[in-house]
Amino acid sequence: MSATTPALPTRVRHLIVGAGFAGVGAAIKLAEIGEDDFLVVEKGNDVGGTWRDNTYPGAACDVPSQLYSFSFARNDWSRSFSAQPEIFAYLQRVAAESGTLDRFVFDTAVTEAAWDDTAGEWVVDTTAGQVRATNLITGSGGLSEPKLPDIDGIDGFDGEIFHSARWNHDIDLTGKRVAVIGTGASAIQIVPQVQKVAAHLDVYQRTAPWILPRHDRTYSTIERLALKHVPGLQRAYRSAIYFGRETYVPGFTRFPQLTAPAKRLAESNIRRGITDPELRAQVTPDFQIGCKRILISNEYYPALDADNTDLVTDRITKITPGAVVTEDGTEREIDVLIVATGFHTTDQPIAHHIRGRDGRSLAEHWSETGMASYKGTCIAGFPNLFQLVGPNTGLGHSSMVFVIESQLAYIIDAVRTQRQAGWPAVEPRPEVQDAWNADLQRRMQSTVWSAGGCASWYLDDHGRNTTLWPRTTISLRRLLANFDSDKYVITERTAR
Ligand SMILES: Cc1cc2nc3c(=O)[nH]c(=O)nc-3n(C[C@H](O)[C@H](O)[C@H](O)COP(=O)(O)OP(=O)(O)OC[C@H]3O[C@@H](n4cnc5c(N)ncnc54)[C@H](O)[C@@H]3O)c2cc1C
């Protein structure tokens with residue numbers, strides 16, 4: 001796609017960063033209301049974001065595809081939990097059919113974006129030059145920047161090493177001794193695939209996740225035809241999945257006793273997948289279910305139980321040129337090291353590169369308060385900045401595409417309002433933003449993420465949960481339905 005990349009204009013009305021679900025959705029929604037003067041700047045070579053980058057064997061969504069897709073761009077999904085190639089192809093198709101791709105610039109990273117208060121616009125530096133923009137819409141991803149573990153000696157490892165989100169397909173794992181560090185969402189999809197081909201597999205676990213059975217299946221031809229052609233069926237199916245998932249929320253946020261059936265199901269999943277009692281004990285979490293992301297798999301436990309796999313729960317102390325060493329002194333030799341240690345979540349890289357009205361970066365602002373915004377989207381001191389998948393918009397139970405669409409409705413209404421009223425700049429009032437975050441943190445106290453007895457990537461260095469939404473997504477959608485301009489500081493200046 002990079003072949004069609006346009007030259008950078010010097011000025012646009014809206015500059016969108018990133019071309020994942022968020023960036024593609026923003027482009028489509030802006031075009032729909034006739035706001036055609038926009039540019040999408042993407043550092044990768046294609047659309048897709050998460051689904052372009054995570055090509056590891058076994059990569060698939062863990063929210064059913066019918067819900068993990070745009071409501072306005074249905075698809076003929078082949079199965080309930082689609083694999084990465086199908087989701088990636090979906091995003092490529094949706095972007096191509098939208099007719100907006102001529103405004104996407106690939107292989108170009110935004111390196112700095114600073115608010116110019118005199119001109120009333122963003123000055124955005126990219127690896128391909130500078131662009132000025134009235135509005136900056138970031139869709140740079142909450143799980144986009146791989147996080148590497150800080151382990152003594154890791155740089156001196158002589159074998160092959162790669163992160164799950166940067167899979168090296170040139171390496172054939174057949175007959176190799178492989179180690180996987182991590183037991184999160186990506187790791188549990190990778191481990192069964194590697195176990196099938198590796199001579200030996202060591203899985204390094206710091207914390208055992210709760211894992212529920214995965215009800216994945218291929219749709220029959222009749223089901224696919226019905227979903228495609230019977231009016232309203234796909235929408236009804238999607239709604240059923242959506243409301244089914246919303247029923248998890250009370251258990252996560254207020255009534256932890258409601259999660260008891262899920263815990264029993266997860267325990268039976270362990271018993272079904274693992275025969276060895278000692279291994280069963282090692283994979284049984286010691287915290288409340290839901291505190292860390294609940295995962296789904298039917299294959300992970302049997303892969304751990306296989307003869308060629310060892311689960312290692314001792315802490316890794318160092319990595320030598322040919323082995324992983326744990327605190328009990330054991331040295332396990334390996335050929336390939338797969339790092340499945342997740343992403344930068346509470347320290348988003350883009351935050352270091354966006355400078356607000358006072359010249360300080362978002363990261364500098366957030367170093368004092370933790371990540372904070374108004375409605376996960378707009379930030380005091382950062383005029384005309386709209387952040388998709390911003391602070392406290394993550395979900396533990398449902399589709400992030402639903403969140404993105406909810407935010408897009410709010411941003412589009414803001415853009416429309418701004419245009420109609422001739423307002424050059426809007427930013428949330430600081431006291432409104434503070435009240436919003438105080439309310440979120442108050443609600444957070446009773447949630448399983450705060451009180452469930454686990455450390456997780458949901459929490460920042462101050463122990464605050466600045467990643468998850470602590471209410472139903474029904475309320476999120478309602479709160480983001482209209483741009484509430486009375487909560488904003490409006491800059492009075494003649495519109496350009
Ligand atoms: C393996 C995996 C599985 C997942 N499964 C699910 C699931 O089943 N359900 C669910 O709801 N969520 C899931 N997620 C979360 C997922 O990230 C979101 O659902 C969704 O894809 C986020 O879309 P996005 O556009 O906000 O971000 P991304 O898809 O991460 O896209 C961000 C884009 O911004 C680009 N970018 C970043 N910085 C810059 C810059 N400075 N300049 C230019 N471009 C930049 C990146 O290259 C990337 O293309 C999963 C995540 C991972 C990693």
Side-chain angles (χ1 to χ4, degrees), residues 15-27 39-56 58-70 80-84 87-88 90-91 95 104-113 124-128 131 136-147 163-167 182 184-190 214 216 241-242 245 293-296 340 342-345 348-354 376 387-390 393-405 407-408 457 467 469 473:
L15 190 128
I16 301 166
V17 188
F21 267 109
V24 169
L39 192 72
V40 184
V41 178
E42 165 57 56
K43 69 179 175 184
N45 64 358
D46 204 338
V47 299
T50 295
W51 303 101
R52 179 199 62 228
D53 290 343
N54 288 269
T55 61
Y56 59 77
C61 55
D62 55 14
V63 169
S65 321
Q66 298 290 348
L67 185 59
Y68 190 61
S69 44
F70 289 123
S80 38
F81 292 94
S82 297
Q84 173 268 335
I87 306 172
F88 183 32
Y90 166 77
L91 271 168
F104 282 58
V105 182
F106 295 106
D107 297 311
T108 304
V110 167
T111 51
E112 194 79 10
V124 183
D125 289 323
T126 80
T127 48
V131 192
L136 181 64
I137 302 174
T138 64
S140 52
L143 304 179
S144 171
E145 205 59 39
K147 186 169 189 170
H163 189 277
S164 55
R166 301 287 181 269
W167 196 267
S186 297
I188 70 145
Q189 294 184 335
I190 291 167
R214 185 169 194 259
D216 186 25
I241 297 169
Y242 170 74
R245 296 212 151 227
R293 191 175 177 85
I294 300 177
L295 309 181
I296 51 167
F343 300 87
H344 288 272
T345 53
Q348 289 185 12
I350 192 91
H352 295 272
H353 305 294
I354 298 180
Q387 199 178 25
L388 287 154
V389 192
T393 57
L395 300 179
H397 70 291
S398 192
S399 169
M400 283 309 294
V401 182
F402 184 91
V403 172
I404 289 168
E405 280 194 49
Q407 289 191 277
L408 285 173
W457 57 259
T467 52
W469 173 245
T473 61

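Counting starts at 1 for both ligands and their atoms, in listed order. Nothing here was measured: the structure is a model prediction, and the numbers come from that model.
When heavy-atom distances to ligand 1 are checked against a 4.0 Å cut-off, Asn54 comes that close only through its side chain, counted from C-beta outward.
Ring centroid separation for the pair Phe21 and Tyr68 comes in under the 6.0 Å cut-off. For Phe343 and His163, the ring centers sit closer than 6.0 Å to each other.
The shortest N/O to N/O separation between Thr50 and ligand 1 falls below 3.5 Å. Not one N or O of Val17 is nearer than 3.5 Å to an N or O of ligand 1, by distance alone. Considering backbone and side-chain atoms alike, Ser186 places every N or O at 3.5 Å or more from each N or O of ligand 1.
Every heavy atom of Pro349 sits 4.0 Å or more from the atoms of ligand 1. For the pair Arg52 and ligand 1, a heavy-atom separation below 4.0 Å is found.
Each of the atoms 11 (O) of ligand 1 lies under 4.0 Å from some heavy atom of Ser399. Remark: ligand 1 atoms within the under-4.0 Å shell around heavy atoms of Val389 are 26 (O). Short contacts between ligand 1 and Tyr56, defined as distances under 4.0 Å to a heavy atom of the residue, involve ligand atoms 1 (C).
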Test side-chain contact (heavy atoms from CB on, under 4.5 Å) applied to Val41 and Val17, step by step: CA-CA 5 Å; Val41 178; Val17 188; 5.6 Å; no
